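Working notes for the structure below.
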Protein chains: 2
Amino acid sequence: MGHPSRVYMVEELSRGERCVCELTEMVGADVSTVSKHLSVLKNAGIVSDEKRGSQVFYSLRVPCILNFFLCVEEVLKANAAEHSALAG
Amino acid sequence: MGHPSRVYMVEELSRGERCVCELTEMVGADVSTVSKHLSVLKNAGIVSDEKRGSQVFYSLRVPCILNFFLCVEEVLKANAAEHSALAG
DNA sequence: TTGCCGTTTGGCGTAATGGCCAAATGATTA
DNA sequence: TAATCATTTGGCCATTACGCCAAACGGCAA
């Protein structure tokens, strides 16, 4: 976790399963790079994969991970508020 | 985030403010190392610091980060269940 | 079998991170 | 001011993470 591409992928997977090709197109990196990120998430138990035909579909296994992103947003908002307070 | 020492420190800070010396003793690493971790957490907006006398006290600024740890535990439990299922 | 598509893995160079030591900073006391 | 304690910062080295390319793997169709 903590990597922008992985965060982005998890957010996308929260909307439903996606194949590697879709995630690759969204992230805009090399397929191998995306595959490795997914491998990390899979080993961490955050996503699960299912092979159908020649494609592999990933899905979010731990919905509570989204709470984390909500928290991150809260942090960012707090930071923004602080910075504007410092500026003004 | 994502680093064991930082996770440990955030968990500890969730119980109340701690000075650098306390966190250093708990983590068991060099003071400078702990200070750098705290600096990372501070820049990320996760903790805040307050200097009182010659000591600096850190406190958790974003309680929702704890939801993340609950989620992590859930992930670990899910993983453990899966592994035992594979084994059994 | 051959060829193609989707995906994964290995390798390599580069960038970032973590850890310690040493030095610098700031507060306190003598 | 000098000395001391608590903390931070800089330097250096070892380790890890990223990202791309190339190669390997598995499924599908001809």
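Computed from a predicted structure; not experimentally measured. Reminder, nothing fancy here: chain letters follow the sequence lines and each chain counts from 1.
Put simply, A:Tyr58 has a side-chain N or O that comes within less than 4.0 Å of OP1 or OP2 on C:dT8. An OP1 or OP2 oxygen of D:dG19 is reached within less than 4.0 angstrom by a side-chain nitrogen or oxygen of A:His3. In terms of phosphate contacts, B:Arg52 brings no side-chain nitrogen or oxygen within less than 4.0 Å of OP1 or OP2 of C:dA27.
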Take A:Ile46 and A:Leu13 through the side chain to side chain contact (heavy atoms under 4.5 Å, CB included) test and state the conclusion after the steps. CA-CA 10 Å; A:Ile46 295 173; A:Leu13 290 177; over 6 Å; no
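Rounding to whole angstrom units, NZ of residue B:Lys51 and P of D:dA6 are separated by 13 Å. For the pair A:Leu38 CG and C:dT8 C1', the computed distance is 11 Å after rounding to whole Å. Rounded to an integer number of Å, the gap from A:Asp49 CG to C:dG6 P is 18 Å. One atom, NE2 of A:His37, and another, P of C:dT7, lie 16 Å apart when rounded to the nearest Å. Here C:dC5 presents its C1' atom at 9 Å from CD of A:Gln55, a figure rounded to the nearest Å. Note: CG (B:Asn43) to C1' (C:dT17) measures 15 Å, nearest angstrom. One interatomic measurement links the two molecules: CZ of A:Phe57 to P of C:dT8, which rounds to 12 Å at whole-angstrom precision. Atom CG of A:Leu41 and atom P of C:dT7 are 16 Å apart (whole Å).
Ion pairing between B:Glu17 and B:Arg52 holds under the 4.0 Å rule for side-chain N and carboxylate O.
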Show each protein N/O and nucleotides 9-11 of chain D N/O combination with a separation under 3.5 Å, one pair to a line.
unit_1, atom_1, unit_2, atom_2, d
D:dG10, O6, B:Lys36, NZ, 3.2
D:dG11, O6, B:Lys36, NZ, 2.7

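Geometrically, B:Arg18 does not engage B:Tyr58 in a cation-pi contact, judged by NZ or CZ lying under 6.0 Å from the ring centre and within 45° of the ring axis.
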Listed pairs under 3.5 Å, donor-acceptor, residues 25-33 of chain B side chains, sequence neighbours left out:
unit_1, atom_1, unit_2, atom_2, d
B:Asp30, OD2, B:Ser32, N, 2.9
B:Asp30, OD2, B:Ser32, OG, 2.7

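Taking every heavy atom of both residues into account, B:Val62 and B:Gly45 meet most closely at CG2-O, 3.5 Å. Listed here is the closest heavy atom pair of B:Val47 and B:Leu38: CG2-O, 4.1 Å.
Of the two residues near DNA chain C, B:Gly53 and A:Thr24, the one whose nearest nucleotide lies more 5' is A:Thr24.
Checked against C:dC20, D:dG26, C:dG26, the side chain of B:Ser54 finds its nearest nucleotide in C:dG26.
Inter-residue side-chain proximity for B:Gln55 and B:Val20 is flagged as unmet; no heavy-atom pair is nearer than 4.5 Å.
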